[in-house]
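These notes are about the structure you will find just below.
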Amino acid sequence: MSEYNYTLLALLVFFLPLLGFLVTILLGKKFSKIYLFEVAIITIVLILSIVIGFFKLGFQVDERIISQFTWIDLKSAGTPYTSFIIELGIVLDNISVIMLFVVSLVSTLVHYFSIAYMKGDPRFNRYFAYLGLFTFSMMGIVLTHNFLMMYIFWELVGVSSYLLIGFWYEKDSASDAAKKAFLANRVGDLGMLAGLLILFTTYHTFTIDNVFGQIALGVLPFNSEFWLTIMGVLLFCGAIGKSAQLPLHVWLPDAMEGPTPVSALIHAATMVAAGVYLVTRIFPLFTGDALLFIAVVGALSALIPATIALTQNDIKKVLAYSTISQLGYMIMALGIGSYFYGYFHLITHAFFKAGLFLAAGSVIHAMHHEQDIQNMGGLRKKLPITYATFLVFCLAISGVPLTSGFLSKDGILAGALAFGSLTGHYLITVVGFTVAMLTAFYMFRLLILTFHGKPKDKHAYDHAHESPALMTVPLIILAVLSFFAFYSFNPTTAEKGWVFEKWIQTPESVVPESARYSFMVPESEIRDRKIIHSETYTKTVHDAHIPAVILSLLLSGFGILVAFTIYYWKKISADKIANSLKPLYKFSLNKWYFDELYDKTFIAFTMFLSKILNWFDAKIIDGVVNGAASVTRGFSKISGGFDTIVIDGFVNFSAFFSGLVGIVLRKMQTGKVQVYIVLLIFSIVILIFYFSR
Amino acid sequence: MMEVGLQHFLVVSAILFSLGIFGVVTRKNAVMVLMGIELILNAANINFIAFAKYGNFGFDGQLIALFVIVLAAAEAAIALAIVLNIYKNFATVNVDEINKLKE
Amino acid sequence: MNLYDFIFYFFAALTIVSAFFVVTTKNIIYAAFNLLLTFFGVAGIYVLLGADFLAIVQLIIYVGGILILMLFGVMLTNKITNVQIKTEASFVIPASIGVGLFAGVLIAILLKTEWRNSPADIPISTLVPIGKLLMEEWAFVFILLGVLLLIALIGAASIARKE
Amino acid sequence: MSQPLAYFFDSLYLIKPETSIIGFLVLILLYDLIFKKEKWLPYISLFGLVVTLFLIIEQYGYNKFAFQSSTNFGMMAIDPFGAFFKIIILLSSIIVILFSILSKELDVARDRMGEYYTLIFGMILGMFLMVSASDLILIYIAVELVSLSSFVLAGFLKNDSRSSEASLKYIIFGGVSSGIMLFGISILYGITGTTNLYEMNSLLQNFDSTNILMILTMILIFAGIGYKISAVPFHFWTPDVYEGAPVTITAYLSVASKAAGIVLLIRLIKSTFVSQKDTFGYWEMIPAFDWQGFLIIISILTMTIGNFSALWQSNVKRMLAYSSIAHAGYILAAIAVLSDQGLVGVMVYFIIYLLMNLGAFLIVIVIKNKINSEELEDYDGLGYRMPLVGVAFTIFLISLTGIPPTAGFIGKLYVFIALVDAKMLVLAVIMLLNSVVSLYYYVRILKHLYLNKPKAETTDIELSFSLKLFILVLAVPNIIFGLYFAPILEFVKTSLIILGI
């Protein structure tokens, strides 16, 4: 296909969801069936992205297709001094094409699933409109070739996820959760914005490739590698927010207040993956130190939520924590330089985690919106298809051979092992393997408590029934995609896989060699071949592969075994363990007290400040600024505590100041035209005197 | 007293101009305000003709003055129509009482 | 002081004094008659400057047209039975200060400047050159003034006519 | 045939647009007199404007003088720069005539609409001449032509006391301002002996320092121009007249006659005071008058006073009046750069200003039609009752503030860059701060639309399809040009040819 055709198709894929959103939201009140338009649009988008993927990956695998136009070109304004050009455009390379497919597939499946799941909701059409908006913004993130659009769509994704989490805004918990998600993301975005400011002031461009080119030429922010690291870390802050990494992970579990298909789409497969995608996109500009930071954040986010997931009883909360943990895995993989497996895990995880959420949705649907697994049990017989697919997903996430999860997780673990032996950061390796074991345990705990054993709630059990085909077919499709065969002919390793071998190559780092990980500096002097990692690294990873496979198999096997022992065979009482490890158990059950910690520190601090401000407001400037305060109250309703201080303070001050000026100006505008002419004459005299000095 | 020259005419016009503005500003009656504006235009006309004569600029100055007279007539016609309308609406033509539109 | 100068001072004084009364007198009718004198004085100055045609036009249009219009304005906006057709002044003090300053600056600058001084010979009649200019170089402006008068006519009629 | 008369007939093909306007003016007048049918008048007017638009486009590339005198300069400069602004004036006239069809406010005067459209054509003629004139007398006549028509139009609702008050104030202030300008012109005539801007340019070359007489003259002349573009301190009439006049006329005054005034100013500076241009397009000025310093002060005063006064308005029309004063300040800042790049800023700004300001006024008209009020407190909750109006108003206001991705941002950006390029950083910063202040009062309107609870029970208000379409036609380009404005820039750059140096 020609470049033109690619661009055309990509633009269609990009803008069709927007059309779907506009049509659905505008005509939603008049036509109750308009959601079908949105569903049709998203199906077309899926087909188009498959077409793009087929031609791109099949025939033009090595090309990067960039189509861009100059948005602001201040050179052409004839200016001699300033020169900066802002380009907007899209890029079609292998990772964006694959991501396009993943997003549109999951989105399509979720659309169909939702038709059954959301049946009877009073705002049915609006729900689909929001899904369209979300898909549009996600496409923007995937396709963009510059930081500016990335940031804009980053925010837009935040907005649409806010709308979807708070979809049932009548529930206080839902609207609170939406606000919390918005705020936590805002904190991350603030970091990203700071990073972008550094980037733009240094490079005068937003285009990612141009930035890379300039870094490769040795242009550094403030001429120091340290600031390059800082810039990378700040940009990564955006990913911390979006991908719910520590310490901003608190919003994701709460976001489970949204409809379950939304959780599958946003909080498993796409939006949270955007952070990981961002890191893969800008991977070349991270210095070694920045990557280490990323790895540590990833490792912590993999470990801590995994320990929390052990004790949770809400089916969606368990999945939420497991999502954070898996995202941490990907981030960690990227941080340790295992680019390929980090991205690969993003893909495989997108499918099986979306599947898990949808299956959970099916269960919740069957149990009439019961989410507590302690009230479930024995559903295996009532929901055979859901059970079977859930089992496949559990196996995949636990990394059992023959599944896709095995391929990706195994690669990450091998990379972690190699990383440990090359740099001595063995803790990351240990975390990697521990999390593998914990994951296997809590996933099977979830499976057994939900589907096996005796039903705990007889009434609900009796009324449970298998979901309609609209819900089960998406599950089956996702389950099929969780097998190894789609990614590699060899079920033991993806390294020689027919697909990924060719498709995804680790991009060469552009930062100065002195700032990279030592193993990412090529040793050989042959410069005509692209060498990204040193030969030692390649060799170490290769050697680490077999031990990693064996170790991870043992550990996940152990995890599954323990889960069965405790919950299936009941050889060991779960309560007993909980009692004997009471402090630890409570710590995990209460999610490491993160929320309480934030309540006691940031929130309390904010409240304190706003109290002071309130006092100030009431006592000093109330009279002048009543109008101002109500505007800002409108603002703060939306954005909550943090904004209250910044905007209120600013507006109050400016209103006070402009009040003084305004009083003088109003005195002049008396409505008497002769006064105006007197003023005019005085001004002319003053002007004459002023200029004839 | 020196011989009458350009400056003399200019002073006359400057005084006429200032008196015109003074009239516009101080008169309450709208018609009187319009008289002030006529004085301003006359002052400018004296300038044009005086400059044309003393600078030997040809007859353009006189022609311009002619145009200005025409414009003054047109403006006066419209202004008086507006004043009549004001009288119909407000029952007064005192400019300073017509101040509904203000801050 | 020759005759020219004397005539100048006469007309200048006439113009300024009557203009002063225009802007200060309380009676509108007096003001209107003083305005007549002002226009007359200005016409005299035109004659002194060799603009005889302009002087005639000034008298015809200003006195015959505009002033009559003004008087109509006065009559129509005051009750005729009201013997005391009076108007008051406002903002006198700020206006005096502002206009005084302005006039001072203006006159000072105008007097300070070295103007080009090469008085032209005045032809016996200015009618022919003005007519020629009007019909040739300024023909476009002449046509435009026609349009402008049309617009003024329509505008004035539109506002002042009865429904 | 004498030589000047030959020039006259030679030039007729250059003033086809003006001729067409005069022709249609007479046509409308006659049609109104003979048939007395109001219904077809706006369509005849629109037809006339479209014909004129074609005539302008046809002579777009011309770059010469019309009505040459014996010296080589003429009374009118027909150049692409003028054509650009004539197109802007025509577009805004077309939009305003469409407004006039919609406006319910004008219903009381429907039987006088023939005069209304005739006067609008008179204004257009005057503005065309303001755009092209290169002779001070023609400039004065053009200004008067625009003024006389707009005095009447401002008071067109003659039984409405607010409208008549507006026209009285307008004519008194306008009469004094143009009188002052005429006095200034007379002194300038005394200095140079000519009224032609280009001739003056050659005569003024020997001024090598500032001259107090020139300062006086230029300030007096600027009084007339400043009154047309409502620059502080010549702006006092603006809020009162804008509030009192019919909304359609307010919208028209705030865009078209402002555009004409700005071109007049640019032409006056460029033709009269520029001695030559350097390679970057910066103008070298004849030092007789410090235009840059003067414009900087006027522009700072204009934008600051405009914005700060707008903060406290409760009448939306009055608020928009102050906002249009502030926008004039931004444009003056771009002119103060005194370079071709500044002009690019002015021209880009005007296209966008046309879209966003007329859009905002359209919304005011629509709301006035429905709830018969322009007071801010009556707007409470309207955003939910008329969703499209609310969204469109939001777009216009954001655009007026100058926040991306709206077109208003692009306009401000080009002005800003011109300032930064010329190293006029203080002015640039003041402009930014002013934009921040303006955000406050624009958002206040949005707050009333969306966050305030209406006082009484309310129902949804339906709009007709054509009205919805019209709103979209103005709102959508505000977004599109914010994202993709290369065509505007291209158009501006090809139009950046001013006759002369």
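Quick note: numbers below take in every heavy atom, side chains included, and nothing from hydrogens, waters or symmetry partners. To find a chain, count down the sequence lines: A is the first, B the second, and so on, and within it residues start at 1.
By number of non-hydrogen pairs under 4.5 angstrom with chain B, the leading residue of D:G190, D:S314, D:G179 is D:G190. Chosen from D:V241, D:T195, D:V176, the residue pairing most often with chain B at heavy-atom distances under 4.5 Å is D:V176. Comparing B:A74, B:G61, B:G36, B:A14 by how many heavy-atom pairs each has under 4.5 Å with chain D, the most go to B:G61. Chain D forms more heavy-atom pairs under 4.5 Å with one residue of B:L41, B:V95, B:V24, B:L71 than with any other, namely B:L71. Of all the listed residues (B:V70, B:I64, B:I40), the one sharing the greatest number of non-hydrogen pairs under 4.5 Å with chain D is B:I64. Annotation: maximal heavy-atom pairing with chain D below 4.5 Å, among B:A81, B:A79, B:A44, B:A65, occurs at B:A44.
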CA sep, side-chain torsions, deciding dist, call: D:K368, D:E374, salt bridge (charged side-chain N to carboxylate O under 4.0 Å, His left out): CA-CA 6 Å; D:K368 171 133 192 175; D:E374 293 153 357; 3.3 Å; yes
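With hydrogens and angles ignored, the 3.5 Å screen pairs no side-chain donor or acceptor of B:N45 with any backbone N or O of B:V68. Of the possible polar contacts, one joining the D:T238 side chain to the D:H235 backbone as a donor-acceptor pair under 3.5 Å is found. D:R112 contributes a side-chain N or O that, together with a main-chain N or O of D:F156, makes up a donor-acceptor pair within less than 3.5 Å. Remark: side-chain polar atoms of D:S134 are paired, donor with acceptor, to backbone N or O of D:M75 under 3.5 angstrom.
Proximity of the aromatic rings of D:F234 and D:F222 is defined here by a centroid distance below 6.0 angstrom, and this criterion is met.
Aromatic ring pairs are classed by plane angle as parallel below 30°, tilted from 30° to 60° and perpendicular above 60°; the pair B:F9 and B:Y54 is tilted. Using bins of under 30°, 30° to 60° and over 60° for the plane-to-plane angle, the ring pair D:Y227/D:F173 lands in the tilted bin. Using the six-membered ring where Trp is involved, D:Y170 and D:W237 have ring planes that are parallel, under 30° apart on the 30 and 60° scheme.
Interface remark: D:S147 contributes no atoms to any contact with chain B (heavy atom separation under 4.5 Å). In this structure, no portion of D:L145 lies under 4.5 Å from any heavy atom of chain B. Of the atoms belonging to D:E165, heavy atoms from both backbone and side chain fall under 4.5 Å from chain B. Interface remark: D:L148 contributes backbone and side-chain atoms alike to the contact with chain B (heavy atom separation under 4.5 Å). Using a 4.5 Å cut-off between heavy atoms, D:N315 makes no contact with chain B at all. In this structure, the portion of B:I37 lying under 4.5 Å from any heavy atom of chain D is its side chain and not its backbone. Proximity to chain B (any heavy atom under 4.5 Å) is shown, for D:I191, by neither the backbone nor the side chain. For B:F48, the parts sitting under 4.5 Å from any heavy atom of chain D are the backbone and the side chain alike. For B:A72, no part lies under 4.5 angstrom from a heavy atom of chain D.
The CD1 atom of D:I180 sits 11.5 Å away from the CD1 atom of D:I219 when rounded to the nearest 0.5 Å.
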